[in-house]
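One structure is given below, encoded as structure tokens.
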Protein chains: 2
Amino acid sequence: MVQQAQSTLGDVAKAAGVSLATASRVLNGTASVGPALRDRVKRAAERLAYSPNAHAQALARSSSRTVGVICHDVGDPYFAGIARGVMRAANRHDLQVVLGSTFRDPDREAAYTSMMRGHRVCAMLLIGSGFEDRERQEGLRRELDRYRATGGRVAVISRHRGLRADAVLPENREGAADLARALLGLGHRRFAVLSGPPLLSTVVDRVEGFLEALADAGVTVEREDIVEAPSPVTAVTRPLSGSSAAVCAPPASSPRPTSWPRVRSRPCAT
Amino acid sequence: MVQQAQSTLGDVAKAAGVSLATASRVLNGTASVGPALRDRVKRAAERLAYSPNAHAQALARSSSRTVGVICHDVGDPYFAGIARGVMRAANRHDLQVVLGSTFRDPDREAAYTSMMRGHRVCAMLLIGSGFEDRERQEGLRRELDRYRATGGRVAVISRHRGLRADAVLPENREGAADLARALLGLGHRRFAVLSGPPLLSTVVDRVEGFLEALADAGVTVEREDIVEAPSPVTAVTRPLSGSSAAVCAPPASSPRPTSWPRVRSRPCAT
DNA sequence: CTGTTAGCGCCTTCAG
DNA sequence: CTGAAGGCGCTAACAG
């Protein structure tokens, strides 16, 4: 099979015997064009199997209707569920979506953000726990600030540490504290904590909230009774989210108890 | 906050006191540049928070490392799982992914394919059952053929009807037939079929396979005993895949029995 | 209404 | 090793 070249607007215009501008106009409905010409253009476009080059358009218009979505892992039901909502919204608003799965690698996350900045996405959505990594976190903040400085919008879910952005935040710390208090109320006094990888902020938050609430009641947990699962639990049919092994908060992907998680929506001052 | 303009390669070049070409070269590592200039360019780029415009690049290079993925619904564990694998592969090969969820709307599917053609993705992946719709199916075929004619690669999962493309195909018909025979072997003689929406090819295939196997044994199913769930079953915590209500094949998202599904991988002659 | 003409931001020969 | 210039495909003023 021969690799034909994609036909361009110029080709269409020529084939229709009109100017480039006219062709562009009818194909975009930008301005009214005589029925005769319009018809010829449309016919030519169809005949040449014309498909407007989105890059050229984006460049010429210097804008594009695409948003970037970055999550830890679309395969995770938690993220998949959110992604689903994003896709529905995208459909509704006729937006394109470029997706990134970091697989919980902070470097990959950084790579994605800059790649999306390069793509000039009009908005960026970061979903999932941040990382406990001073330097990288700082780098991310800078990158996002640059992005916002040139008109980009960024929103985050479940991460807040030093990111100036619209955010929806599950109250991990509070939720874990509630759990601790509930357990205390039941009369328990000795605890062990099975937590997730401590490089995830959400994990740290939950453990801290849990321990603090205990501490307030004069209960302490032995260091050795806090065990950290090095990575998401995968010994199940479907991978669970990063912190699913944390006993101090239900897995994000489990059915949401009536009162959990409490979510705080924090708009970002522009 | 003021909406600053993104700085361009030109800006960087000017700030570094070099030509556009040189700036381009150091930023792309395309050719060797004197250490002095190289340093000035890099510094300028950093200072200006330069981010190469991907669209401009794609246009100039007339190529881009992005692939398109279209599925029925990323929120569905079945598709989420596949998407996960796609993302991993994309990461490995440094490919960008633009994602589409059709929510089982054939029109939206068509919109996505042409949108991705416009984006000049280097490959397109269609995941999930096709639709039983002569006309639309034909339209899709034409669109994909045009895409392939200009160098595009297309692969499909779980759909075959008249699409010339690399494919991995679960053997719905055969699997359903197997099930029927197994049931017959158990001594059953009266059947009812709870199936999915009949506009999905996979559903039709399964039902047909099931009924045919029964027919071969001289067993028929009353028309009224074949009930079609109009849409995917959603009365569960997580949405199941389109055909999950079909009794003649396990839901795609359920743990895979040792011997199911049988998958056929059909490479596409180029 | 229709055509001409600049760019959009970057890459890439082609000379020097 | 470095710079100048043409072009990628399309849009958006401007003139007719």
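In what follows, every chain begins at residue 1, and chains take the letters A, B, ... in the order their sequences are listed. Small disclaimer: the values here were computed from a predicted structure and weren't measured.
Residues B:R120 and B:A21 both approach DNA chain D. Their nearest nucleotides, taken by heavy-atom distance, put B:A21 toward the 5′ side.
Counting only distance, with no hydrogens or angles, the side chain of A:S129 and the backbone of A:T202 share a donor-acceptor pair below 3.5 Å. Listed for the A:D105 side chain is no donor-acceptor partner under 3.5 Å among the backbone atoms of A:T102.
Rounded to whole angstrom, the span from the CZ atom of B:R61 across to the C1' atom of C:dT12 amounts to 11 Å. To the nearest angstrom, P of C:dC8 lies 18 Å from CG of A:N53. Atom pair B:K14:NZ and C:dC10:P shows a separation of 13 Å (rounding to whole Å applied). One interatomic measurement links the two molecules: CG of A:L59 to P of D:dT11, which rounds to 11 Å at whole-angstrom precision. Computed from coordinates, the A:Q6 CD to D:dG9 P distance equals 10 Å when rounded to whole Å. As a whole-Å value, the separation of B:H55 NE2 from C:dC11 P is 14 Å. The NE2-P distance, from A:H119 to C:dG9, rounds to 17 Å in whole Å. When rounded to the nearest whole Å, the span between CZ of B:R25 and P of C:dT12 equals 11 Å.
For A:T8 and D:dG9, the shortest distance from a side-chain N or O to OP1 or OP2 is not below 4.0 Å. Residue B:T22 places at least one side-chain N or O under 4.0 Å from the OP1 or OP2 atom of D:dG3. A close approach under 4.0 Å does not occur between any side-chain nitrogen or oxygen of A:S19 and OP1 or OP2 of C:dT2.
No contact: A:S62 has no heavy atom under 4.0 Å from any strand.
Checking C:dC11, D:dA13, D:dC10 against every side-chain atom of A:A56, the shortest atom distance belongs to D:dC10. For A:A60, taking side-chain heavy atoms from C-beta onward, the closest of the listed nucleotides C:dG3, C:dG9, D:dC10 is D:dC10. Out of C:dT12, C:dC11, D:dC10, the shortest distance to the side chain of B:Q57 is found at C:dC11. Listed nucleotides D:dG3, C:dT4, C:dT12 differ in distance to B:V18; the shortest reach to its side chain belongs to D:dG3. Here the side chain of A:L9 is nearest to one of C:dG3, D:dC10, D:dA4, namely D:dC10. Closest to the side chain of A:L20, out of C:dC11, D:dT11, C:dC10, is D:dT11. Between C:dC11, D:dC8, C:dG3, one nucleotide has an atom nearer to the side chain of B:N28 than all others, and that is C:dC11.
B:H119 has its ring centre no less than 6.0 Å from the ring centre of B:Y112.
Contact check of residues 32-50 of chain B against DNA chain D (heavy atom, cut-off under 4.0 Å) returns B:S32, B:V33, B:G34, B:L37.
Contact of the B:V26 side chain with the B:L37 side chain is not registered, since no non-hydrogen atoms from C-beta on lie closer than 4.5 Å. A 4.5 Å side-chain heavy-atom check between A:F131 and A:L140 finds every atom pair outside the cut-off.
Between B:V154 and B:Y147, the closest heavy-atom pair is CG1-CD2, 3.9 Å.
Taking the charged nitrogens against the carboxylate oxygens, B:E138 and B:R141 do have a contact shorter than 4.0 Å, which makes a salt bridge. Salt-bridge check for B:D76 with A:R84: failed, with every basic side-chain N at 4.0 Å or more from each acidic carboxylate O.
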